[in-house]
Participant: 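For reference, the structure I am asking about is given below.
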2 protein chains.
Amino acid sequence: MKQSKKGRVTLQQVAEHAGVSTSTASLIVRNNPRISDATRKKVLQSMQELGYVYDRVAANLRSQSSDTVGIIITDISNTFFSEFLIGVHDALDEVGYTVLLGTTFDSVSKQDHLLSTMLEHRVGGLILCPVSESTEETVARLNDIDTPMVLAVRELPGVKSDYVGINYPEGARIAVDYLIEKGHERIALLGGIRESSTWVERMEGYRDALSRAGLEVDEALMINSAPTREGGLEAVLKVLENPEPPTAIFCFSDLIAFGVMQGLRMKGFTPGKDIDIVGFDNVPVAEIYHPPLTTISSFPRRTGKEAANLLYQQMEKIKREQQRIILTPELIVRESS
Amino acid sequence: MKQSKKGRVTLQQVAEHAGVSTSTASLIVRNNPRISDATRKKVLQSMQELGYVYDRVAANLRSQSSDTVGIIITDISNTFFSEFLIGVHDALDEVGYTVLLGTTFDSVSKQDHLLSTMLEHRVGGLILCPVSESTEETVARLNDIDTPMVLAVRELPGVKSDYVGINYPEGARIAVDYLIEKGHERIALLGGIRESSTWVERMEGYRDALSRAGLEVDEALMINSAPTREGGLEAVLKVLENPEPPTAIFCFSDLIAFGVMQGLRMKGFTPGKDIDIVGFDNVPVAEIYHPPLTTISSFPRRTGKEAANLLYQQMEKIKREQQRIILTPELIVRESS
DNA sequence: ATGGAACTATGAAGCAATCCAAAAAAGGCC
DNA sequence: GGCCTTTTTTGGATTGCTTCATAGTTCCAT
């Protein structure tokens, strides 16, 4: 698990070669202005000749600092997270930090392990997208960490830390409002697992939009399913058996929407013409699907950027209250509605 | 760009608290068996009480070793690379390495910068997916690096290093062979930029398959375009103007294939019924598209895993010749053909 | 010349661990 | 108990760089 390295050129060697002290050489690598141009040039020349490579590990040790930040996400293959990662990565890159990556695959033990590893690596800060099932121990542990940290995407009640998240209920409300404005009165909510908080939040927004418009919530139009394309297919077939079928469908996710559209076609309906469809997530395919999917975007990149900014403020000791940033999703209208 | 840390508990403090020497404590954190159970227990107890966190940075400095590996890719939002990353990550996680991530967005200067940063961080090894446009300087530099390294996905002529790549010509050949076997004689090759090596490689396989089957290559059936959905749309509209249109289409990429299918529908054809379509890449959407797309998969996860394995062998000083692993893509038949 | 700023440069200590060789403790046997 | 072997434990040096207080140079104005 370890890998040893052969002779690296050290700052001492450079200094010796250039005929100055190590301290001087050190000041030069760090671009300290109080070194004369003459010696600076001389030393830089020596570095070039010897092929010197700065050793951040040693530097960080001595200066008790760190220029890496850890970022722990649950799944890179999920488009949301890979986009989120890009957002974080970009923002931190810009200010000179390097990213240590970890993926939990939604396992508590892996998350625990990654937290340990990153702290052992002396990361200067930590961005954590917590796994869904979190214990009291986790909460306690996170509160114990005195490394700057921001929680993202999923909030952990009880954890005192900055947080960047998305207002899912509001997203659902926007989607349903849009369908109501288009004149629909029977709007289904399809897909998703009833027990998951993600579903509950969308459902809240859905109910809210309907009741504000004076429409009744028909439980028969809310059908749960696995959060997959197949799930969407099943759900739509079920809802179409209703004697009074919906005229528009708000789907739990884009994936569900794809299944729903497949089901509609099987039953001879044309999505976007006979029945309006709205998805949720704005996965990249939504745009290129047939038909292009109207959906709700939660701006994963922007979320990542905000998380990085909050972390940066903490790391640079910018004094402020604990912060919560809740981003509001936006509706993206395409041909499926 | 730096972040200083408050008092961390050190091994000295632990040792003092437990009434042993630092050396002993050090042996214990490293699970050295020649420590009596009594003292081990005592010291572990002290660590617990003081909340000791192992400092890998200091340890790596002293032992001249590293337990991080750097991985540089061109784009995380590209599904191929995010899957590739998962493959690498998983394999390295298993053997206890931590991943330092960098993204070049296909920029040479960013790649240069990332290489420097990672070497300065004393990574134990490096997996590099080089940017497309690479200079002689890059080649020279890579040959100078004496950190274990493996190149992946894109080969750099002149660089002496292990390599894991994909046999794209063979993938194209397999796709076209399949269409020929289905009885097609007029097979188009649509999409992609003529100048890119990725296109040329697919074209080689395409030509090869046709000529081996005794079929003539009709230049009018090879239409280039931007590697986007729009590009695919344009290309297919153009090829359909042909007095003798193709009966099957091999697309440069899945993205192109989506555009091609859209174009076919516009002209009243049903993809998979009237005209067979084969894509390339097997992006996750290919499976859930309408209709599901027959395509060529190049197993990004597996590629990542292989890269990680090669790197691991180098890092653990497993003596062997320089290695090249070329994976052969596979055909995945779905309803679009 | 000369005294005092204002620049530059440096020596030695220190960061938190590991390494190595050598000392101390424990066991075994006569 | 004494002697030898084996098992545990330990100083002190070391890793490559930064820190900090101090020393050495310039450079002007006196």
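Residue numbering restarts at 1 for every chain, and letters A, B, ... go by the order of the sequence lines.
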Participant: Just to verify, what does S46(A) make a side chain to side chain donor-acceptor pair (under 3.5 Å) with, not counting sequence neighbours?
Facilitator: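 S46(A): side chain to side chain donor-acceptor pair (under 3.5 Å) contacts with H17(A).
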
Participant: Heavy-atom count check: over 12 atoms from other residues, nucleotides or ligands less than 6.0 Å from E94(A) CD?
Facilitator: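 Counting neighbours around CD of E94(A), 12 or fewer heavy atoms of other residues, nucleotides or ligands fall under 6.0 Å, so no.
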
Participant: Angle between the two end axes of the helix from dA1(C)-dT30(D) to dC30(C)-dG1(D), five base pairs per end, rounded to 10 degrees?
Facilitator: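 So the angle between the two local helix axes works out to 50°.
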
Participant: Would you indicate which nucleotide in dT9(D), dC17(D), dT19(D) comes nearest to any side-chain atom of Y54(A)?
Facilitator: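 Of all the options, the side chain of Y54(A) is nearest to dC17(D).
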
Participant: To the nearest Å, how far apart are R56(A) CZ and dC17(D) P?
Facilitator: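 Taking atom P of dC17(D) as the reference, CZ of R56(A) is at 12 Å.
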
Participant: Whether the side chain of T104(B) engages the backbone of Q111(B) through a donor-acceptor N/O pair (distance < 3.5 Å, no angle test) should be reported.
Facilitator: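 No; judged by distance alone, with no hydrogens or angles, the pair does not exist.
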
Participant: Between the side-chain atoms of S23(B) and the base atoms of dG11(D), is any donor-acceptor pair under 3.5 Å?
Facilitator: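 Pair found.
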
Participant: Round to the nearest Å and state the distance from R62(A) atom CZ to dT14(D) atom P.
Facilitator: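 Between P of dT14(D) and CZ of R62(A): 18 Å.
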
Participant: With heavy atoms under 4.0 Å as the rule, sort V20(A) into base, sugar-phosphate or nothing.
Facilitator: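 Sugar-phosphate, no base atom in range.
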
Participant: Does the D55(A) side chain pair with the main chain of L11(A), one donor and one acceptor, at a distance under 3.5 Å?
Facilitator: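 No; zero donor-acceptor contacts below 3.5 Å.
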
Participant: Round to a whole Å and report the spacing from CG of N60(B) to P of dC17(D).
Facilitator: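 Roughly 15 Å, once rounded to whole Å.
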
Participant: Looking at V20(A), is its backbone amide N or carbonyl O close enough to the side chain of T24(A) to form a donor-acceptor pair, meaning the two atoms are under 3.5 Å apart?
Facilitator: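 Side chain of T24(A) to backbone of V20(A): no pair is present.
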
Participant: Does any residue of residues 9-18 of chain A have a heavy atom under 4.0 Å from DNA chain D, and if so, which ones, in number order?
Facilitator: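 Those residues are T10(A), L11(A), Q12(A).
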
Participant: Contact class for R30(B) (heavy atom, under 4.0 Å): base, sugar-phosphate, or nothing?
Facilitator: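 Sugar-phosphate, backbone atoms only, no base.
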
Participant: Ignoring hydrogens and geometry beyond distance, is a side-chain donor-acceptor pair present between Q314(A) and D162(A) at under 3.5 Å?
Facilitator: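 Q314(A) vs D162(A): donor-acceptor pair found between side chains.
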
Participant: Just by distance, no angles: are the side chains of Q64(B) and R8(A) close enough, under 3.5 Å, to form a donor-acceptor pair?
Facilitator: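 Judged by distance alone, the side chains do not pair up.
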
Participant: Can you list everything that forms a side chain to side chain donor-acceptor pair (under 3.5 Å) with T103(B)? Sequence neighbours excluded, please.
Facilitator: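 With sequence neighbours excluded, T103(B) shows a side chain to side chain donor-acceptor pair (under 3.5 Å) to no residue whatsoever.
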
Participant: Hey, which of these two, S21(B) or L61(B), hits DNA chain D nearer its 5' end, going by closest nucleotide?
Facilitator: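 Going by which nucleotide is closer to the 5' end, it is S21(B).
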
Participant: Reading DNA chain C 5' to 3', which nucleotide is the first, and which the last, to come under 4.0 Å of any heavy atom in chain A?
Facilitator: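 First and last nucleotides in contact are dT8(C) to dA16(C).
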
Participant: Under the salt bridge (Lys or Arg N to Asp or Glu O under 4.0 Å) test, which residues partner D106(B), sequence neighbours left out?
Facilitator: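 Only R154(B) meet the salt bridge (Lys or Arg N to Asp or Glu O under 4.0 Å) criterion with D106(B).
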
Participant: Check whether any side-chain N or O of Q64(B) sits under 4.0 Å from OP1 or OP2 of dT14(D), and answer yes or no.
Facilitator: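 Indeed not, no polar side-chain atom of Q64(B) lies that close.
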
Participant: Take the protein atom CG of D67(A) and the nucleotide atom P of dC17(D), then report the distance between them rounded to whole Å.
Facilitator: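 Result: 14 Å.
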
Participant: Sequence neighbours left out, what passes salt bridge (Lys or Arg N to Asp or Glu O under 4.0 Å) with D75(B)? Give chain and number order.
Facilitator: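 For D75(B) there are no salt bridge (Lys or Arg N to Asp or Glu O under 4.0 Å) partners, ignoring immediate neighbours.
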
Participant: Please name all residues satisfying side chain to side chain donor-acceptor pair (under 3.5 Å) with E16(B), sequence neighbours left out, ordered by chain then number.
Facilitator: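 For E16(B), no residue satisfies side chain to side chain donor-acceptor pair (under 3.5 Å) once neighbours in sequence are set aside.
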
Participant: Taking only heavy atoms on the protein side, list every residue of residues 36-45 of chain B lying under 4.0 Å from any atom of DNA chain D, sorted numerically.
Facilitator: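 S36(B), T39(B), in order of number.
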
Participant: Kindly compute the distance separating OG (S63(A)) from CZ (R56(A)), expressed to the nearest 0.5 Å.
Facilitator: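 Going from OG on S63(A) over to CZ on R56(A), the span is 10.5 Å.
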
Participant: Counting N and O atoms only, with roles assigned by atom type, does the side chain of T68(A) sit under 3.5 Å from a partner on the main chain of V99(A), one being a donor and the other an acceptor?
Facilitator: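 No; zero donor-acceptor contacts below 3.5 Å.
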
Participant: Could you check how far CG of D55(A) sits from P of dG16(D), rounded to whole Å?
Facilitator: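 After rounding, the gap between these two atoms is 8 Å.
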
Participant: I'd like to check the side chain to side chain donor-acceptor pair (under 3.5 Å) partners of S26(B); sequence neighbours left out, ordered by chain and number.
Facilitator: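 R30(B).
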
Participant: Produce a footprint string for nucleotides 21-26 of chain D: one letter per nucleotide, 5' end first; B if the base is under 4.0 Å from any protein heavy atom, S if only the sugar-phosphate is, - if neither.
Facilitator: ------

Participant: With distance as the sole criterion, is a donor-acceptor pair present between the side chains of S116(B) and R141(B) under 3.5 Å?
Facilitator: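 On atom types as modelled, these side chains qualify, holding a pair under 3.5 Å.
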
Participant: Extract all donor-acceptor atom pairs below 3.5 Å that involve side chains of residues 80-87 of chain A and protein atoms in other chains or at least two apart in sequence.
Facilitator:
from: S82(A); atom 1: OG; to: T79(A); atom 2: O; distance (Å): 3.2
from: E83(A); atom 1: OE1; to: R301(A); atom 2: NE; distance (Å): 2.8
from: E83(A); atom 1: OE1; to: R301(A); atom 2: NH2; distance (Å): 3.4

